[in-house]
Amino acid sequence: MEFYWPGTSHDSALYRVDVTCGTERMTRISSEPSFGVSGIQEGERLEIRVWAVADGKSLFGKPKEVKSWKCFHAELALPGGLEAPEVTGALEDGAASLRWTGEGDVYEVFRDYGAFSVFAGEAREREIALPLGEGDTGPQQFTVRSGWKKRGFVLCGPAASPAEFRGEDLPSGGKLTLTYRETAPRLCALEWEGVQCHHFEVQRWMGEGWETSARLAPEEHMRYDAGRLGSGSWNRFRIAAVNGDGTELQAGEASFWASVSPLYSTAWPIQTLPLYENPGKGDRLASVPGGTALCVLAEEGDWFRVRYGEEYGWVDSRFCMINLPEYIGDHCSYDITNSYDSLFAVHGSPIQAVTHGTLPGYENVRLEDGTFLVPYLYPSAKKLLTAVRAAEADGLRLKIYEAFRPQRATRYSYDETEKQLNRPALTESGGQVGMTLSKLMTDNGRFHLGSFLARTISSHNRGIALDLTLEKIDGGGELEMQSGMHDLSWYSETYLNNLNAKLLAGYMTAVGMNGLNSEWWHFQDDDTRKAIGLNSSLEQGVSPQGWTQDDGGWRYRKADGSFARDTALTIDGRAYTFDKAGYAAG
């Protein structure tokens, strides 16, 4: 028997499964929301309970297992005579018309692609018509299984043997049907059925147009390995069937998200961390200073495998910030304005030496290609994913203006603003507003500078805070809030929140983030800070400078994000040569 249940939203969750059969009880821990058990006899009564579990500590600091409040609980007697349906059917008018024998309360239909199956529909009766795409000219395979509704679950019988239908009578014109699947984390394979043509072109959307990645000779079943895609990246591929004279006969397109994983992402310790030979144990190989750029080579529990100099070992991922564009990817957008044109101002009145400047510590955050480094504590980033997906379900995207902020930038902004509080507030063009900067900021003393800028250490300096807003996924721009981003004035107070600001707060507080009364855009992960005992912060800014790896090998990245190419360098006392693509030998 195989059991399946809805998984939790936490990537690191495990599941405890208790199965009681007669007087025998079996407990297992599963990393996936599924479990299989064999040896059950017909008519035996089973009781199954499933919890999401994690490691925790008791009040006395002793390790213990923490279980979710919600528990899946089912009791059933294994019925006899569960038989697979027998499926027949035909291709009629561009659809697969399926019929089958057997009994059940509901029937699940799957389309079989050989190496994997995809859920195609659900039926109450023993027949269904499934429309096919115009490019589905090859053999079509389907399978069906019966289901019986029980209290709180559905008992499914065995699946029918795949029934194959051939589509020679379908029109040969139209679009190719392109499918994709991940063969390993973020490794994507494109598949389609071959047609008569001179060759196929594999094209990828690169932001402004299609670029051809490969040309392939036609075969009956076509496959193209697209390689490892960026974590959380949105991808568009196109397959074109082309004649010898270059005429395009047919084309198919597929768009999809790559899965999210920290592999090859840049990470920075928020404090000095020990580098261990094994995850949390073994010899201590070195101490990695806070703010050192590391490349994540593997993840095991709460540990990242990294390279530090010439040593390879494991650091505690709970105390590492991860670069959000490399981890969450296109699920968010990013504009770290403090790295090139700070928005810090008092309701339209600029702060001299702050507004429109680059704040100290942000010099290496905007890279050569225009992208940004956005460091954020890894446990908090995993929480953020849940908020991201909730916003996406509503057609919205989180836009991040700031994550980690160097402490020197915090102190600089506070000191420079404090000097000017009693000066007349000016407009961007230099005209006078008619009140001091202090009065415009604090509503004549109701608030104070510390309501908006920390005097010493802030949650941003610890890597657990975000400044963000909402934008429409379809390119409709940012949602209107009651004030602009980084408006350091009482106009940004949350008691003035409009519906859009309340919507943003709903996404963030639902995943355990806390806001500030003075800033509608600010949310911080105090729960994680308390859970791991985080008290450290970073004075200086970060950069990407250091070794980074991908499936092609090792490259050395400079502070501006560019790679050492076609040169020789001595790094950490060892000589390396770099080819034109930047990959190292030596």
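Nothing here was measured: the structure is a model prediction, and the numbers come from that model.
Although no hydrogens or angles enter the test, the distance criterion places a donor-acceptor pair under 3.5 Å between the side chain of T509 and the main chain of A505. Although no hydrogens or angles enter the test, the distance criterion places no donor-acceptor pair under 3.5 Å between the side chain of D225 and the main chain of G227. In this structure, the side chain of N498 engages the main chain of A501 through a donor-acceptor pair within 3.5 Å. The main-chain N or O of T266 is found under 3.5 Å from a side-chain atom of E326 such that the two form a donor-acceptor pair. Of the possible polar contacts, one joining the S231 side chain to the S261 backbone as a donor-acceptor pair under 3.5 Å is found. A donor-acceptor contact shorter than 3.5 Å links the side chain of D105 to the backbone of K149. The backbone N or O of E480 sits less than 3.5 Å from a side-chain atom of N500, completing a donor-acceptor pair. Although no hydrogens or angles enter the test, the distance criterion places a donor-acceptor pair under 3.5 Å between the side chain of T143 and the main chain of A160. S68 places a side-chain N or O within 3.5 Å of a backbone atom of A52 that can act as its donor or acceptor partner. No donor-acceptor pair under 3.5 Å is formed between the side chain of T101 and the backbone N or O of P85.
Surrounding CD of E86 are at most 12 heavy atoms belonging to other residues, nucleotides or ligands under 6.0 Å away.
The line from CZ of F523 to CG of N514 is 9.5 Å long, rounded to the nearest 0.5 Å. One finds the CG atom of D302 at 9.5 Å from the CZ atom of F319 (value rounded to the nearest 0.5 Å). A distance of 4.0 Å separates CG of N243 from CG of L249, quoted to the nearest 0.5 Å. Note that CD of E108 is 5.5 Å distant from CZ of F119, once rounded to the nearest 0.5 Å. Interatomic distance, R16 CZ to I29 CD1, rounded to the nearest 0.5 Å: 6.5 Å. Separation of atoms CG (L324) and SG (C332) is listed at 7.0 Å; rounding is to 0.5 Å.
In this structure, the salt bridge (charged side-chain N to carboxylate O under 4.0 Å, His left out) partners of R49, at least two apart in sequence or on a different chain, are E47. Judged as a side chain to side chain contact (heavy atoms under 4.5 Å, CB included), and not counting sequence neighbours, the contacts of R236 are W205, W210, W234, E253, S255. Partners of R186 under the salt bridge (charged side-chain N to carboxylate O under 4.0 Å, His left out) rule, at least two apart in sequence or in another chain, do not exist in this structure.
Closest approach of A189 and T183 over heavy atoms only: CB-CG2, 3.9 Å. Taking all atoms of both residues into account, the shortest heavy-atom contact from Y15 to P33 is CE1-N, 3.8 Å. Contact record, G232 with V260: CA-CG2, 3.9 Å, taken as the closest heavy-atom pair. The minimum heavy-atom distance linking V296 with P262 is given by the pair CB-O, 3.4 Å. Across M508 and L384, no two heavy atoms sit closer than the pair CE-CD1, 4.0 Å. The minimum heavy-atom distance linking D525 with G512 is given by the pair OD1-O, 4.1 Å.
Taking the six-membered ring for Trp and the full ring otherwise, Y327 and Y378 have centroids separated by under 6.0 Å. In this structure, F304 has its ring center no closer than 6.0 Å to that of W314.
Put simply, the side chain of R228 reaches to within 4.5 Å of the side chain of L263, judged on heavy atoms. The shortest distance between side-chain heavy atoms of Q250 and W192 does not fall below 4.5 Å. For the pair W5 and V17, the minimum side-chain heavy-atom distance is below 4.5 Å. Two residues are said to be in side-chain contact when any heavy atoms from C-beta on lie closer than 4.5 Å; C188 and R181 fail this criterion. Using a 4.5 Å heavy-atom cutoff, the side chains of I48 and F35 are not in contact. Residues W257 and H331 have side chains in contact (heavy-atom distance under 4.5 Å, counting atoms from C-beta outward). Side-chain atoms of L377 and T528, non-hydrogen and from C-beta on, do get closer than 4.5 Å to each other. Counting only heavy atoms from C-beta outward, the side chains of D335 and K399 approach each other to under 4.5 Å.
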Using side-chain hydrogen bond (donor to acceptor under 3.5 Å, both in side chains), reason through E191 and H221 one step at a time and then give a plain yes or no.
CA-CA 8 Å; E191 296 175 330; H221 302 292; over 6 Å; no
Chi angles and distances behind the side-chain contact (heavy atoms from CB on, under 4.5 Å) call for F72, W51
CA-CA 7 Å; F72 167 75; W51 292 270; over 6 Å; no
Apply side-chain hydrogen bond (donor to acceptor under 3.5 Å, both in side chains) to residues Y264 and D551 and explain how you reach the verdict.
CA-CA 9 Å; Y264 299 149; D551 287 346; 2.9 Å; yes
From CA spacing to verdict: side-chain contact (heavy atoms from CB on, under 4.5 Å), S265, I322
CA-CA 7 Å; S265 295; I322 197 164; 3.8 Å; yes
Stepwise ring-ring contact (aromatic ring centres under 6.0 Å, His included) test for F200 and Y224:
CA-CA 10 Å; F200 287 102; Y224 172 75; over 10 Å; no
Quick one: do L190 and R223 satisfy side-chain contact (heavy atoms from CB on, under 4.5 Å)? Show the steps, please.
CA-CA 6 Å; L190 305 175; R223 170 176 169 144; over 6 Å; no
Stepwise side-chain contact (heavy atoms from CB on, under 4.5 Å) check, L466 with L398
CA-CA 11 Å; L466 290 174; L398 301 181; over 6 Å; no
Stepwise, does the salt bridge (Lys or Arg N to Asp or Glu O under 4.0 Å) test hold for R397 with E392?
CA-CA 6 Å; R397 178 168 48 216; E392 285 178 341; over 6 Å; no
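Side-chain atoms of N323 and Y376 include no donor-acceptor pair closer than 3.5 Å. Of the N and O atoms on the side chains of E182 and S259, at least one donor lies less than 3.5 Å from an acceptor on the other residue. A donor atom on one side chain and an acceptor atom on the other are found under 3.5 Å apart for T27 and D18. Side chain to side chain, T177 and E193 fail the donor-acceptor criterion of an N or O pair below 3.5 Å. No donor-acceptor contact under 3.5 angstrom links the side chains of N235 and Y180, judged on distance only.
The pair E300-R305 does not meet the salt-bridge criterion, since no charged nitrogen lies less than 4.0 angstrom from a carboxylate oxygen. The pair D550-R555 counts as a salt bridge, with a side-chain nitrogen and a carboxylate oxygen less than 4.0 angstrom apart. Using a 4.0 Å cut-off between charged nitrogen and carboxylate oxygen, K472 and D474 do not count as a salt-bridge pair. Here R204 does not pair with E211 in a salt bridge; the nearest charged N to carboxylate O distance is not below 4.0 Å.
In this structure, R307 is positioned above the aromatic face of W554, its NZ or CZ under 6.0 Å from the six-membered ring centre and within 45° of the axis.
The only member of W521, Y334, F372 that meets side-chain contact (heavy atoms from CB on, under 4.5 Å) when paired with I400 is Y334.
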